[in-house]
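Written out below as C-alpha cells is the structure these notes cover.
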Amino acid sequence: MSTIPSPGPAATPGAAGPAAAVPLSAHEPDAATLARAAEQTASELLAPSAPARLTDVVPAPQRVEPNPSEEWRLPADAVVVASADPAALAVAEQLAELLRPATGYPLPVSDATRPAPASGIALVLAAEDSLGAEGYRLDVTRVGVTITAPTAAGLFHGVQTLRQLLPPAIESPIPVAERWVLPGGSIVDEPRFPYRGAMLDVARHFFAVEDVLRVVDHLARYKLNHLHLHLTDDQGWRISVDSWPRLATVGGATEVGDGPGGWYTAADYRRIVRYAAQRHITVVPEIDLPGHTNAALVAYPELAPDKVAPPPYTGTEVGFSYVDPSDERTYAFIADVLGEVAALTPGPWLHIGGDEAFKVKGEVYTGFVERAQRIVADTGKTVVGWHQLAPAAHVDGRVLQWWGTNGDDPTTLDAVRRGARVILSPGNHAYLDMKYDPDTPVGQDWAGLIDVRRAYDWDPGSHVTDVPEAAVLGVEAPLWTESVTSLAEIEFMLLPRLPAIAELGWSPRATHDWAGFRDRLAGHGPRWATAGIAFHRSPEVPWPVEGAGSTQPSRPQLPTQPGPDDAPVPSTDKP
Ligand code: TNX
C-alpha cells in the first residue's frame with residue numbers, strides 16, 4: 001500500500017472529505033485527474049490483490065451466491081446513482097463519503113427513475129416483500145454493483161456489506177493506491193431478530209458526544225440497529241432535564257474516580273439521536289430506577305428515603321441507593337423526567353432500569369415498577385427494563401433485558417408467559433466490560449472472562465430455558481464503564497466482540513459456525529488497523545500476518561491503559 005500525494009483535506013487523517021470539495025488553484029490538478037492518476041498507479045504498480053470473498057461478510061448473510069467468473073473494479077469516474085427518493089439519496093451520499101477518502105475518487109451522486117449500475121453503483125429502492133423491513137439484495141457483475149431494498153435501512157445495510165467486499169485499504173482516511181475490486185455474485189440478506197443493539201454506560205464515566213458518534217459508527221458497520229444509553233447511575237446523571245435542572249448541574253458533576261463528569265444538553269442528545277437515525281439506529285434512553293440513583297439524590301434530597309442528601313459517590317459498588325417509593329414526589333419526578341426524555345426521543349422505547357435495587361424489596365418493589373411502567377405508557381413509549389422487572393404486572397409490549405448468567409430463570413419465563421418479550425444480554429457472553437483474559441488492562445470478571453468464542457458461541461433463540469424464539473426481540477451487548485475511561489478503551493473492549501454479538505442478532509442460525517466465523521472475522525483486523533483502531537488481537541482468531549500482502553497496515557498502538565496494578569478494579573459480586 002502506498003499513499004499518493006493529494007493536496008486536499010483528505011490527506012489529513014481525521015479530516016477526510018470529498019476530494020471534489022478541495023479548493024484548487026489554477027496550477028494544481030483537479031480531483032478527477034488525481035483520481036485517474038491514482039488508478040493508473042494502482043494498476044501499474046500493484047500485483048492484483050486477491051479480492052475479498054463474497055462469503056467473508058460479518059454478520060454472515062442469509063444467502064450468498066459467489067460468481068467467480070465475474071468481478072468488478074471500481075473505476076475513478078464511477079458514479080453512485082440512486083432512486084429519486086431523499087432517503088435513498090442520503091444512503092448514496094453516505095456510500096460516496098465512505099469510499100472517497102481511501103480511493104480519492106470524486107464519486108458524484110445522482111438520481112434516476114430506474115438506477116442502473118452501468119456507471120458504477122446503483123441503489124434501488126423497490127418494493128420487495130421478501131426482503132422485510134431491513135433486508136437487501138446485492139449483485140456484483142462485471143458491469144457494476146446494484147443494491148436493491150424496499151427501505152432505506154435495507155439499502156444502508158447493503159452498503160455496509162459492499163464496504164466489506166472492498167479491500168481493507170478502503171478504511172484508510174487518506175488516498176491509497178489500490179485495485180478497488182469487488183468479487184462477483186449475489187447476496188440476499190435480512191436479519192434474524194428485529195432488535196440488535198449495544199449499550200454504552202455514559203454514567204460511570206462520561207463520554208463526549210463525538211465519542212458516542214464513533215460508537216454509533218461501529219454499530220452501523222455490523223448492522224446493529226439500537227444504541228442503548230445508560231444515562232443515569234450513582235456516579236452521575238448525564239441528561240439535562242428542564243423541570244429538575246440540578247439533576248445535570250449537580251448530579252452530572254461527578255464520575256468514577258475524580259474526573260469532572262459531564263452531561264448532555266437536549267441539543268447534544270438530539271445530535272446523537274439524529275446521527276444514529278441517519279445510520280438507521282434507534283436510541284434507547286435508560287433512566288435507572290428506583291436504585292442506582294445516588295446522583296439524583298445528591299441533587300434533590302427530597303427524593304431520598306431519609307430526605308438527607310447523600311455525599312456524591314465516585315466508587316464502583318452497587319445496590320445502596322434508591323428513590324423513596326413511599327413519597328408521591330418521587331412519582332412526580334419520574335413523570336417529569338420520563339416525559340422530557342420521551343419528548344426528546346423519537347424511538348419507541350423507554351428503559352427504566354430496575355436492576356440491583358437491593359433495598360426496595362417484594363411488593364414495595366413491584367408496586368413501584370408497576371407505577372413506573374404506567375408512567376412510561378402515559379408517555380406513549382414502550383417500557384424496557386432489566387429482567388428484575390419480571391415479577392411486576394405485565395403492561396402492553398413490555399420488554400425485559402435479560403442479563404443473567406444461568407439460563408434457568410423461571411421468574412423471567414413466567415413474565416414471558418404473561419406476554420413479555422426479552423432482549424438477550426447474558427452477562428457471561430454478551431457483557432463487553434468483562435475482561436478477555438486475566439491480563440486485559442480494563443474491565444471486570446464477575447461474569448467470567450469473555451474472549452471471542454465465548455461471546456459468539458450461544459444461541460439467543462434458545463438461551464433462556466423454555467423461552468421460545470418468538471418471544472426474543474433480539475440481542476444487546478452492554479458496555480459498562482466503571483473502568484473504561486476513553487474512546488480507545490471503548491473500542492478495545494468492543495472489537496472484536498461486537499461483531500460476534502451482531503452476528504448472533506443478524507445471521508440465520510444455520511450459518512452459526514465458530515471456525516467459519518473466526519476466519520471471516522480475521523479479515524476485519526486489517527480493516528480496523530487501517531482505520532487506526534486498536535482492537536484486542538485475540539489469540540483465538542487467525543489474524544492475517546502483518547506485512548504480508550500489499551494492504552497490510554502496521555499494528556496500531558494499544559491504548560495507553562493503566563496496568564491492573566496501577567488501577568485495581570474492584571470486582572463486584574453479582575448473582
Ligand atoms: C451489573 S447489569 C450492573 C451494572 C454494573 C455491571 C458491571 C446490570 C443491570 N447492572 O450496574 O455496571 O454489572 O458489569
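All values derive from a computational prediction rather than experimental measurement. Note that these values count all heavy atoms, side chains included, but never hydrogens, waters or copies made by symmetry. Counting starts at 1 for both ligands and their atoms, in listed order.
- Below 3.5 Å of separation, one finds no N or O of Asp201 facing any N or O of ligand 1.
- Classified by interplanar angle (parallel below 30°, tilted 30° to 60°, perpendicular above 60°), the ring pair Tyr195/Trp349 is perpendicular.
- Taking the six-membered ring where the residue is Trp, Tyr431 and Trp480 present tilted rings, their angle falling between 30° and 60°.
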Between His230 and Glu286, is a side-chain hydrogen bond (donor to acceptor under 3.5 Å, both in side chains) present by the stated rule, with each step listed? CA-CA 5 Å; His230 182 74; Glu286 179 186 351; 2.8 Å; yes

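- Ligand 1 lies out of reach of Gln388, whose nearest heavy atom is not under 4.0 Å from it.
- Put simply, OH on Tyr436 and CZ on Phe492 are 6.0 Å apart, with the number rounded to the nearest 0.5 Å.
- For ligand 1, the atoms closer than 4.0 angstrom to any heavy atom of Glu482 are 5 (C), 7 (C), 12 (O).
- Checking only distances, Trp403 never comes within under 3.5 Å of ligand 1, N or O to N or O.
- Within the structure, ligand 1 has His292 among the residues with a heavy atom less than 4.0 angstrom away.
- The distance from ligand 1 to the heavy atoms of Trp446 drops below 4.0 Å at these ligand atoms: 7 (C), 13 (O), 14 (O).
- Here Phe368 and Tyr331 bring their ring centres to under 6.0 angstrom of each other.
- Per-residue contacts place Asp433 under 4.0 angstrom from the following atoms of ligand 1 (heavy atoms of the residue considered): 7 (C), 14 (O).
- For ligand 1, the atoms lying closer than 4.0 Å to a non-hydrogen atom of Gln444 are 7 (C), 14 (O).
- Using a 4.0 Å cut-off to heavy atoms of Met434, the atoms of ligand 1 that qualify are 14 (O).
- The shortest N/O to N/O separation between Trp480 and ligand 1 does not fall below 3.5 Å.
- Salt-bridge formation is detected for the pair Arg192/Asp459: a Lys NZ or Arg NE/NH1/NH2 atom is positioned less than 4.0 Å from an Asp or Glu carboxylate oxygen.
- Side-chain atoms of Asp217 and Tyr275 include a donor-acceptor pair closer than 3.5 Å.
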